[in-house]
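Please read the structure below before turning to the comments.
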Amino acid sequence: MELSIEEVKNEVAARFRLPGEVTLLQPYGNGHINDTFCLTCALGEGKTKRYILQRMNDDIFNSPKELMENVVNVTSFLRKKIIAAGGDPDRETLNVVPAADGGNYLEYKGDFFRMYIFIEGATCFEQVKQPEDFYNSAVSFGNFQKLLADYPADTLHETIVNFHNTVSRFRDFKKAVEEDVCERAENVREEIQFVLDREPDTHVICDALIQKKIPLRVTHNDTKLNNIMIDNETGKGICVIDLDTVMPGSALYDYGDSIRFGANTGAEDEKNLALISLDLELFDIYTKGYLEGCGGSLTKEEIELLPMGAKLMTFECGMRFLADYLKGDVYFKIHKPEHNLDRCRTQFRLVADMESKWEQMNAIVRKYSK
Ligand code: ADP
Ligand code: GN1
Ligand code: MG
C-alpha cells in the first residue's frame with residue numbers, strides 16, 4: 001500500500017463514525033490477504049476504545065461492495081441469534097463500524113477500507129499452544145456452521161469464484177507451470193510432480209457435491225486458527241472472524257482447513273520439514289469438537305469424508321502456494337524470498353504424513369461417527 005500510516009490515521013480512520021479522536025494507529029495481525037491496523041480512539045476522561053481498520057485486498061476480492069454486503073448480512077443474522085441466545089453480540093460476532101457517510105466501507109484514493117469493533121480480552125493464536133484451545137476453536141467453527149444452517153445461501157455473493165474448487169485450482173496450477181513466467185519451475189520439479197501425481201484426488205469433494213452425495217452449506221472457507229478469537233478468561237472460542245470468504249461451500253472445507261493449519265506440528269512456513277507432521281491427538285480432539293459444534297447436523301457421507309477434507313484442503317493450499325511462487329508471489333503476502341515455496345513444502349510434507357497415517361485418521365473419525 002502506498003499510503004503512509006499518518007495518512008491512514010488522519011485521512012482514512014477519521015472518515016469513520018468514531019466516538020472521538022484517533023490517538024494511535026498501528027499495523028496489526030498476521031493475515032496473508034488484507035492490510036490490518038489497530039487504532040485507539042480517545043473517549044474523554046482517560047477512556048479509550050479500540051477498532052480494527054482494514055484495507056480490503058481488491059486484487060483478490062474484486063467487488064468490495066458485494067463483499068461488504070455479505071459481511072453485513074451475515075453478521076446481522078448472527079447478531080440476532082446471539083441476542084436470542086442471551087450472548088454478547090458486541091464480542092461474539094464482528095460488528096461493522098459505518099463510515100461517516102453511512103456506508104459500510106469507504107474508498108480513499110482507489111483503496112477500499114472497512115472498520116470493525118475490536119474484540120477485547122481475546123486472542124488469535126498462530127499455533128496451538130494448548131490442545132483445549134484447538135478443541136474450543138473446533139466447537140466454535142462447528143457452531144458457526146450450525147448458526148448459519150438456515151441462512152439463505154442463494155443471497156450470498158460468491159466473493160471468490162471456485163475458491164475451494166480443487167479441480168479448478170489444479171487447472172490454474174498447471175497453467176502456472178506451463179507459463180512459468182518467472183522461470184522458477186526448473187527449481188521445483190519435485191514439488192510439481194507431487195501435485196501431478198495426486199490429480200485423481202482433486203475430484204473427490206467436487207464430484208461428491210455435484211452428485212449431491214454431500215450437501216452444499218453456508219461455510220466460512222478460511223477456518224485457520226488465527227481466524228478465531230479465543231476468550232482470554234474462559235478459553236472458549238468467542239468469535240469467528242475474517243468473514244470475507246463466507247460463501248456456499250462444503251463443511252469438509254471448513255473442517256479440513258482447520259486441520260491443515262492447527263493439527264500440523266510445525267508452522268505453515270517452517271523451513272525444517274522434519275518438524276512437520278500431523279498430530280493425531282490434535283486431529284482427534286478437533287474432530288470431536290467440530291462434530292459436537294455442528295450439533296449432529298453432518299451427514300454420514302460428510303463424516304466419512306472428513307479425512308479426505310483434511311488431506312485435500314492441505315493439498316489445495318500447498319498447490320496454491322506453489323502456483324503463487326511460480327507466478328512471482330502475486331497473491332499471498334510474503335515476508336521473505338521463497339516464502340511461498342517454504343509454505344508449499346510444509347503443506348506437501350503434511351499431505352504425505354496424512355497419507356501414511358490414513359488408517360489412523362479414518363479410525364479416529366469412525367470413533368465419533370456413531
Ligand atoms: P486477513 O484476511 O488478512 O487474514 P483478518 O480479518 O483475519 O485478515 O485479520 C487479521 C488479524 O487481525 C487477525 O488474525 C486478528 O489477529 C486481527 N483481527 C481482525 N479482526 C479483529 C477484531 N474485530 N478484533 C480484534 N482483532 C482482530
Ligand atoms: C489466506 O486471509 P488469511 O490469511 O486468513 C487465504 C486462505 C489460505 C490461507 C493460508 C482469501 O488466509 O485461503 O488458506 O491464507 N485466504 C484467501 O494461510 O485466499
Ligand atoms: Mg485471517
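Residue numbers count from 1 along this sequence. Just follow the structure's listing: the first ligand is 1, and inside any ligand the first atom is 1.
- With respect to atom 1 (P) of ligand 1, the closest heavy atom belonging to the protein is D242 OD2, 3.4 Å.
- Protein heavy atom closest to atom 16 (O) of ligand 1, with residue, atom name and distance, is C124 SG, 3.5 Å.
- The option from I52, N30, N34 that lies nearest to atom 22 (C) of ligand 1, judged by heavy atoms, is I52.
- For ligand 2, the atoms lying closer than 4.0 Å to a non-hydrogen atom of K224 are 3 (P), 4 (O), 5 (O), 9 (C), 10 (C), 12 (O), 15 (O), 18 (O).
- Annotation: atom 11 (C) of ligand 1 to nearest protein heavy atom, G29 CA, 4.0 Å.
- Between F261 and ligand 2 there is no heavy-atom distance shorter than 4.0 Å.
- Nearest protein neighbour of atom 14 (O) of ligand 1, counting heavy atoms only, is N226 O, 3.1 Å.
- Comment: D342 engages K271 in a salt bridge, judged by a side-chain N to carboxylate O separation of less than 4.0 angstrom.
- Checking E126, M229, M115 against atom 26 (N) of ligand 1, the nearest heavy atom belongs to M229.
- Considering backbone and side-chain atoms together, R320 places an N or O closer than 3.5 Å to an N or O of ligand 2.
- Put simply, part of R260 is less than 4.0 Å from ligand 2, judged by heavy atoms.
- Where the criterion is an N or O separation shorter than 3.5 Å, residue side chain and backbone included, Y116 fails it with respect to ligand 1.
- Comment: E7 engages K109 in a salt bridge, judged by a side-chain N to carboxylate O separation of less than 4.0 angstrom.
- Ring geometry for H220 against F144 counts as perpendicular: the plane angle is over 60°, on a 0 to 90° scale with 30° as the lower cut.
- Considering only non-hydrogen protein atoms, atom 13 (C) of ligand 1 sits nearest to I241 CD1, 3.7 Å.
- At least one N or O atom of I33, backbone or side chain, sits closer than 3.5 Å to an N or O atom of ligand 1.
- Under a 4.0 angstrom heavy-atom cut-off, D222 registers as being in contact with ligand 2.
- Between R343 and D324 no salt bridge is recorded (no basic side-chain N to carboxylate O distance below 4.0 Å).
- Geometric assessment of R114 against the ring of F112 yields a negative cation-pi assignment under the 6.0 Å and 45° thresholds.
- Under 2.8 Å from the Mg ion (ligand 3) lies an N/O/S atom of N227, whether from backbone or side chain.
- Among the atoms of L94, none of the N or O lies under 3.5 angstrom from an N or O of ligand 1.
- By the 30° and 60° cut-offs, the orientation of the rings of F118 relative to Y28 is perpendicular.
- The shortest N/O to N/O separation between H164 and ligand 2 does not fall below 3.5 Å.
- Numbered from 1 in the order shown, with element, the atoms of ligand 1 that lie under 4.0 Å from a heavy atom of Q54 read 5 (P), 6 (O), 8 (O), 9 (O).
- Comparing N227, I117, L243 by heavy-atom distance to atom 23 (N) of ligand 1, the nearest is I117.
- Looking only at protein heavy atoms, the nearest one to atom 24 (N) of ligand 1 is I119 N, 2.9 Å.
- Seen from the ring of F332, R320 does not count as a face-on cation partner, given the 6.0 Å and 45° thresholds.
- Between R79 and D90 a salt bridge is recorded (basic side-chain N to carboxylate O distance below 4.0 Å).
- At least one heavy atom of D242 sits under 4.0 Å from some atom of ligand 2.
- By the criterion of a heavy-atom distance under 4.0 Å, the side chain of T36, and not its backbone, is placed next to ligand 1.
- Contact analysis leaves M313 out of contact with ligand 2, as no non-hydrogen atom separation drops below 4.0 angstrom.
- The distance criterion of under 3.5 Å between nitrogen or oxygen atoms is not met by R114 with respect to ligand 1.
- Note on D242: its N/O/S atom closest to the Mg ion (ligand 3) is OD2.
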